[in-house]
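Below is one structure; the comments refer to it alone.
Note that ligands are numbered from 1 as they come in the structure, with each ligand's atoms numbered from 1 the same way. Count residues from 1 along the sequence. These numbers come from the heavy atoms of this one structure, side chains and all, not from hydrogens, waters or symmetry mates. Everything numeric here is computed off the predicted structure, so don't read it as measured data.
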Amino acid sequence: MVSDAKLIDGKAFARRLRHDIRDQAQGLHARHGVLPTLAVVMVGEDPASAVYVRNKVRATEEAGMRSVSHHLPKSTTQDELLDLIAGLNADQSVHGLLVQLPLPEQIDRDAILDAINPEKDVDGFHIVNAGRLAVGRQDGFIPCTPMGCMMLLRSVVPNLAGLHAVVIGCSNIVGRPMARLLQQAGCTVTVTHLKTRDVAAETRRADIIVVAAGHAGLVRGDWVKEGAIVIDVGINRVDTVSGSRLVGDVAFDEVSPRAAAITPVPGGVGPMTIACLLQNTLQAARQFVTGVIMVE
Ligand SMILES: Nc1nc(=O)c2c([nH]1)NC[C@@H]1CN(c3ccc(C(=O)N[C@@H](CCC(=O)O)C(=O)O)cc3)C=[N+]21
Ligand SMILES: [Mg+2]
């Protein structure tokens, strides 16, 4: 007899986390006079990006932190964007800095990401922070989505050591850093990607499945072992007769009866991504304070 999976409530988890962050941000401000500040840069008119940026700005302010946003036209040149980043890097009142992706095609994404001061790189996308994570150092910024996934996993299974985790997708933003974090937590990790011959054969053996493929309903019921934990990073807008709705990369109705625990979409990983961005912004402001104290 199968019982329904335990729903992992990312929205509630994120709300508690944002509340804790708010207290800590206030404490930092009271003790050191530093108001943690996040600069968000968006280029162009991608409607989904505009929604995410608005949500980030609102969450930052609700957590008692300051946000500065810069919205540049779609025609912005790479040099113009680099100039803006240089100014924000030099601005002592800005602790965290992110450039919303995707960028227009005339701009080289890696050149932009690598221009951000790594100590302000709250997305954790700079090559220095990717490198820190890759070699297991603890002093970098961890990308927000994988960080949020780890928190949700640990809320279900505090000790992940020895479990077999399968990550579907190997982007620099989710899959790769996710695999590294799982490995550091003691999991045996398999990463599947577009060239993998039989993804389902891998997921069927998994205790933990993290899917970030950007493919609605990819993970079917028979891909999942009874009692597995399933983390759905997918955000797919699909059209229905009554408008559009958001679905993940997991065929939720098929998978949830088999899984021990599963994240919904919406209300799972997405809200955690934003809460972890605030966590990283607080960390950036703390490190700024520590640096100032050491210089004094
Ligand atoms: N430099 C950069 N950093 C990012 O972190 C980044 C980015 N670029 N580009 C786009 C992706 C996407 N992303 C999401 C954040 C929150 C939700 C989120 O809150 N989702 C809600 C639903 C939101 C809705 O209803 O549309 C949920 O899943 O419950 C989703 C996706 C951050 N991204
Ligand atoms: Mg979600």
What atoms of ligand 1 come closer than 4.0 angstrom to any heavy atom of [X]?
X: Arg237; answer: 26 (O)
X: Pro271; answer: 19 (O), 27 (C), 28 (O), 29 (O)
X: Gly270; answer: 16 (C), 17 (C), 18 (C), 19 (O), 20 (N), 27 (C), 28 (O)

**OP:** Check whether Phe141 and Leu133 end up in the same hydrophobic cluster, where Ile, Leu, Val, Met, Phe, Trp and Tyr are linked by side-chain heavy atoms less than 4.5 Å apart.
**Re:**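 No; Leu133 is not reachable from Phe141 via cluster members.
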
Side chain [X], main chain [Y], donor-acceptor under 3.5 Å:
X: Lys120; Y: Asn89; answer: yes
X: Asp249; Y: Val233; answer: no
X: Gln183; Y: Val189; answer: no

For ligand 1, the portion of [X] having any non-hydrogen atom under 4.0 Å away:
X: Met272; value: neither
X: Ile274; value: side chain
X: Arg245; value: neither

Check this for me - ligand 1, [X], N or O atoms closer than 3.5 angstrom, yes or no?
X: Val99; value: yes
X: Leu98; value: no
X: Gln100; value: yes

Subject >> Where at least one partner belongs to residues 268-285, residue pairs that pass side-chain hydrogen bond (donor to acceptor under 3.5 Å, both in side chains), sequence neighbours excluded >> reply: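 Listed by first then second residue: Thr145-Thr273.
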
**OP:** Given salt bridge (Lys or Arg N to Asp or Glu O under 4.0 Å), test Arg58 with Glu61 step by step and report yes or no.
**Re:** CA-CA 5 Å; Arg58 193 184 50 216; Glu61 287 164 3; over 6 Å; no

Original post:
Heavy atom of Gly267 under 4.0 Å from ligand 1?
Top reply: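 Gly267: in contact with ligand 1 (<4.0 Å).
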
Original post:
Is ligand 1 less than 4.0 angstrom away from at least one heavy atom of Lys11?
Top reply: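 No, Lys11 has no heavy atoms under 4.0 Å from ligand 1.
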
Side-chain donor-acceptor pairs under 3.5 Å in residues 25-44, sequence neighbours left out?
from: Thr37; atom 1: OG1; to: Leu35; atom 2: O; distance (Å): 2.9
from: Thr37; atom 1: OG1; to: Arg66; atom 2: NE; distance (Å): 3.1
from: Thr37; atom 1: OG1; to: Ser93; atom 2: O; distance (Å): 3.3

Original post:
If hydrogens are left out, which of Leu246, Leu113, Ile235, Asp123 has an atom nearest to atom 2 (C) of ligand 1, that is, the closest non-hydrogen atom?
Top reply: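 The residue whose heavy atom sits nearest atom 2 (C) of ligand 1 is Asp123.
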
Subject >> side-chain contact (heavy atoms from CB on, under 4.5 Å) partner of Cys170, the single match among His193, Lys195, Met178 >> reply: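 Between Cys170 and the candidates, side-chain contact (heavy atoms from CB on, under 4.5 Å) is satisfied uniquely by His193.
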
